[in-house]
Amino acid sequence: MSAKKITVVGAGHVGATCSQLLAMKELAQEVVLVDIAEGIPQGKGLDQWESAPVEGFDTRITGSQGYDAAADSEIFIVTAGIARKPGMSRDDLLKTNARVIASVSEEIKRVAPDSIVIMVTNPLDVMAQVALESTGFPRERVIGMAGVLDTARFRSFIALELDVSVEDIQALVLGGHGDTMVPLHSYTSVSGIPLAQLASQERIDAMVERTRKGGGEIVGHLKDGSAYYAPAASAVQMAEAIVKNKRRILPCAAWLQGEFGLSDLYLGVPCLLGENGLERIIEVDLTDEEQAELETSAEHVRTTVETLENLD
Ligand code: APR
C-alpha cells in the first residue's frame with residue numbers, strides 16, 4: 001500500500017531526511033519537496049532520486065518552489081520554518097514561524113483540500129493550531145509530531161541502559177514536546193515486563209530527564225542546528241500508519257475536545273492513526289500526578305498561544 005503523492009514542505013534537514021525515508025520505504029509513488037529557497041528542493045530531490053537505482057526504490061522525488069507540483073497530495077509533512085538566529089527573541093521566532101505556517105496552510109488548502117497535514121515545525125503544538133485554523137480542516141486531518149519522537153528517545157535510552165533490543169520496548173510519552181512531556185511509567189514495559197522491575201527508580205528518573213532534554217542534548221553537540229534524523233523518522237512513521245491504514249496507536253499532538261478534561265488546544269495524547277488521519281483519541285487512565293503534569297503541559301501550550309495572539 002502506498003500513497004500516490006506525499007509532499008514535504010521545507011527541504012532543510014528534517015524535510016530532506018523525510019523525503020529520502022519516504023522514498024526508501026516506497027510510501028508514495030511520488031514525493032514532492034517544496035521550499036522557498038531557490039534550487040534547494042530541486043537539487044536535493046534530484047540527488048535523492050539518483051540514489052533510487054542503488055537503493056532500489058521507484059518513488060519519484062522532485063523539488064519545487066511552488067505548490068502546483070503538490071496538487072492532490074494525500075499527505076503534507078510540514079517542516080518549513082526558520083531557526084532562531086543570534087539576537088532573535090523566542091517571540092520573534094514564534095511570530096515568524098506562525099506566518100510561515102499560515103501561508104503554507106493556505107497553499108495546502110488551495111492545492112489539496114482533502115489532504116492530511118503532519119506538523120513538525122516548532123513550537124509544534126502551537127504551529128499545529130495555526131495550521132488547523134488556517135486550513136479550516138477538521139482535527140482528524142491536522143496532527144502534530146512530537147510524542148513519537150519523545151517516546152523514541154525514551155525507548156532508545158532504555159535500550160542502552162538495559163542493553164536490550166529497542167524492538168521489545170514499549171513506552172508512552174504524552175503532553176507537550178520536550179521539557180513539559182509526561183512519561184507514563186505504568187505503560188512502559190520491555191516485552192510486557194514493567195520497567196520498574198528492570199531498573200531502579202533512580203535510573204528511570206535519569207532516563208526521563210535525559211529524554212526531556214533530548215532535543216537540547218543534540219543541539220549541544222551540533223551547536224548550529226537541531227536534531228533531524230529521529231524527528232524525520234518519527235514523522236515518516238506517522239505517514240506510514242496513515243498511508244497503509246495500519247491503525248497504529250502512536251502518541252501524537254491532537255486538537256483536544258474534552259479528552260483528558262482539556263479542550264481547544266493541541267497536546268500529545270495516544271492517537272489511533274489510519275487512512276482518515278486521526279481516527280480516535282484513546283483516553284488511557286492516568287494517575288493524579290500524571291493528570292496534573294498533563295495540565296501543566298497544557299498550561300504551557302496555552303501560554304505560548306496567548307503570547308502569539310498578543311504579538312499580532
Ligand atoms: N515555505 C517553504 N519553506 C520554507 C519557508 C516557507 N515559507 N520558510 C522557510 N522554509 C524552509 C527553509 O528555506 C529551510 O530550507 O524551511 C527549511 C527549514 O529547514 P532547516 O532550517 O534545515 O530546519 P530543520 O532542522 O529542518 O527544522 C525544521 O522542524 O524539528 C523542527 O524545530 C525544527 O521547526 C524546525 C523544523
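Counting starts at 1 for both ligands and their atoms, in listed order.
Counting only heavy atoms of the protein, atom 26 (O) of ligand 1 lies nearest to Val14 N, 2.8 Å. Nearest protein heavy-atom contact of atom 7 (N) of ligand 1 is Val100 CG1, 3.5 Å. For atom 17 (C) of ligand 1, the closest heavy atom belonging to the protein is Asp35 OD2, 3.6 Å. In terms of protein heavy atoms, atom 9 (C) of ligand 1 is closest to Gly81 O, 3.4 Å. The single protein non-hydrogen atom nearest to atom 19 (O) of ligand 1 is Gly12 CA, 3.2 Å, given as residue, atom name and distance. Among all protein heavy atoms, the one lying closest to atom 33 (C) of ligand 1 is Asn122 ND2, 3.8 Å. Val120 O, 3.6 Å is the protein heavy atom nearest to atom 31 (C) of ligand 1. In this structure, the protein non-hydrogen atom closest to atom 1 (N) of ligand 1 is Ile36 CG2, 3.7 Å.
By the 3.5 Å distance cut-off applied to N or O atoms, His13 is counted among the residues near ligand 1.
Residue-ligand proximity, Thr121 to ligand 1, at heavy-atom distances under 4.0 Å covers atoms 34 (O). Proximity to Thr79 (heavy-atom distance under 4.0 Å) selects the following atoms of ligand 1: 18 (C), 28 (C), 36 (C).
Looking at Lys95, its side chain never comes within 3.5 Å of a backbone N or O of Leu308 through a donor-acceptor pair. Not a single donor-acceptor pair under 3.5 Å links the side chain of Gln29 to the backbone N or O of Ser2.
For atom 23 (O) of ligand 1, the protein comes within 4.0 Å by no heavy atom at all.
A search for ring-ring contact (aromatic ring centres under 6.0 Å, His included) contacts involving Phe76 returns nothing, not counting sequence neighbours.
In this structure, the separation between CD1 on Ile281 and SG on Cys252 is 10.0 Å, given to the nearest 0.5 Å.
The residues Lys213 and Glu217 are annotated as not salt-bridged, no charged nitrogen and carboxylate oxygen being separated by less than 4.0 angstrom. Glu161 has a carboxylate O that lies under 4.0 Å from a charged side-chain N of Arg203, or vice versa, which qualifies the two as a salt bridge. Arg141 and Glu275 are not joined by a salt bridge, as no carboxylate oxygen comes within less than 4.0 angstrom of a charged side-chain nitrogen.
If you look at Ala80 next to ligand 1, the close heavy atoms, those under 4.0 Å, come from the backbone and the side chain alike.
Heavy atoms only, all atoms of each residue included: Arg212 and Pro183 are closest at NH2-CD, 4.2 Å.
Alongside Ile193, the hydrophobic cluster contains Phe154, Phe157, Ile158, Leu162, Val164, Ile169, Val173, Met181, Val190, Leu195, Leu198, Ile204, Met207, Val208 (criterion: ILVMFWY side chains under 4.5 Å).
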